[in-house]
Amino acid sequence: MKTVIHWFRRDLRILDNVALSEAAKRAEQVIPVFVFEDAFCNGPDVGAARLTFLLQSVESLRKNLVELGHQLVIRRGKAEAILPALCLELEAQAVFANKRYEPYAQRRDERVTSALLNVDVGFELFKDAVVWEESEILTQAGKPYTVFTPYAKAWKARSISLPRQKFPIHHAQSPIRNFKSDALPKSSDELGIPLAQNIPPGGERVALDLLAKFMAGPVYEYGTSRNYPALDGGSSLSPHLRAGTIGIRTVFAALGKARSRATATQAASCDIFLNELIWREFYLQVLHNFPHVTKGAFWQEYDALKWSDNQAHFAAWCEGRTGYPIVDAAMRCLNATGTMHNRLRMIVAMFLTKDLMIHWQWGERYFMNQLVDGDLAANNGGWQWSAGTGTDAAPYFRIFNPISQGEKFDADGKFVKRWISELKDFPAYLIHQPWENPLLLLRSKYVPRIVTHEEQRPKCLAMFQAVKKS
Ligand SMILES: Cc1cc2nc3c(=O)[nH]c(=O)nc-3n(C[C@H](O)[C@H](O)[C@H](O)COP(=O)(O)OP(=O)(O)OC[C@H]3O[C@@H](n4cnc5c(N)ncnc54)[C@H](O)[C@@H]3O)c2cc1C
């Protein structure tokens, strides 16, 4: 082929990029394109943190491409209108892109396919974001997995492909020709979506640095440290895996290398990290095979649950004013940074759905608005798991106690004190139940608790049992 457009979407990187490598292999000229669509700024799930991260990552991709002698052509508008017009303008015979798995993205790809067909241009999609996709891993009965452990076992029984080649730098393949390119907004503020959070930076180099640092040491402690919010033992790669500023095969290759020089205990830690990466693929295959999860419960009987619509409780949860320190610290951290530790996500999600008995979809939406790594598949999976309505769900009667969770995973209250200045003078033994000293609580100006866990638990069980009985 003479000219191929590589359409960047959630693969904002040069290294380990399947569609980009294929384009470089099969075409004389490769023209890198990014379409900034209005949908990025509209709709209920849009969040300033994710939008800013995206803008930073595209800008970093643009600079990296310039360093290699290529121009990233940026156009604003709808992909199904922009791409056919660009193909005619640049005389391209095909558009290559990496696959997306969200139903809305797949509908857009269908529209793009027919728009390109109209101008006689091919559209090729490649598997890139995951190692195993869609229906590649099925049970012996040929059905999709709905439980993680056997899925992970089947996943591990297969071999993993190695990182793709770097995008080959043939100047002739994409000489900078000053194609018309639209300016990218500098920040989400410019788009009328103000960013109030101090989020981590985007871009491929940042992602590769994070990976290198994590694999140089923290991965060996991950099995333990990942549970304690104050230790921040995770890789922090989730926004990068979501935006595609790092390739999944690169992560697996680095993990394999780290594991090859590990002691037995360290290797066990590496395997726990591997499991987390498989969770990501598990939820993506759930989304593909059971797209109804985007609209309601995986177990559809639970759509009949009678959730509370207490707006005041929801506002208190969102703003970190429930009176439960571990919940409030986690929510204040989310609101300030666009990030939240995995253990805390489970705690606050359980609290919203089981203690406040508010619909998991309210929490799912709030997370999507705030999180820098907000991802339909993982977020929906995490919320449904916590609410007890999803695949592989914690059974509805397993309800986290926010006090004992705090005492177990933030025993000295270090994390709580980082985010709740009102509690800075509380001794560790009181930090997760400050109401036990009413005078100190009053003086601290920290909020009293809005519900009592012991009273809410039976109410929540009754809510689930009512549906079970019917
Ligand atoms: C209610 C709830 C909502 C969540 N929403 C999201 C979300 O919107 N986006 C998101 O990426 N993750 C989500 N998670 C999963 C998990 O909390 C984050 O992936 C993790 O906290 C990110 O930190 P890290 O990169 O340091 O992860 P690490 O612990 O270093 O894990 C490595 C990678 O594995 C993947 N991963 C880890 N745990 C999970 C999981 N349970 N499900 C799917 N993938 C996982 C992520 O890509 C992560 O970057 C959610 C979990 C819950 C309980």
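Counting starts at 1 for both ligands and their atoms, in listed order. One is the number of the first residue; the rest follow in order along the sequence.
- Using cut-offs of 30° and 60° for the angle between ring planes, the Tyr324 and Phe351 rings count as tilted.
- Using cut-offs of 30° and 60° on the angle between ring planes, the pair Phe290 and His292 is perpendicular.
- Counted by atom type alone, Lys468 and Tyr302 present one or more donor-acceptor pairs between their side chains at under 3.5 Å.
- In this structure Asp16 satisfies the side chain to side chain donor-acceptor pair (under 3.5 Å) test together with Arg249, Thr250, sequence neighbours excluded.
- Listed by chain and residue number, the protein contacts of ligand 1 are Tyr222, Gly234, Ser235, Ser236, Leu237, Ser238, Leu241, Phe273, Glu276, Leu277, Trp279, Arg280, Tyr283, Met340, Asn342, Arg345, Met346, Ala349, Phe367, Leu371, Asp373, Gly374, Asp375, Ala378, Asn379, Gly382, Trp383 (heavy atom within 4.0 angstrom).
- Side-chain N/O atoms of Asn380 and Thr294 include no donor and acceptor closer than 3.5 Å.
- Nearest heavy-atom pair across Met340 and Arg345 is O-NE, 2.7 Å.
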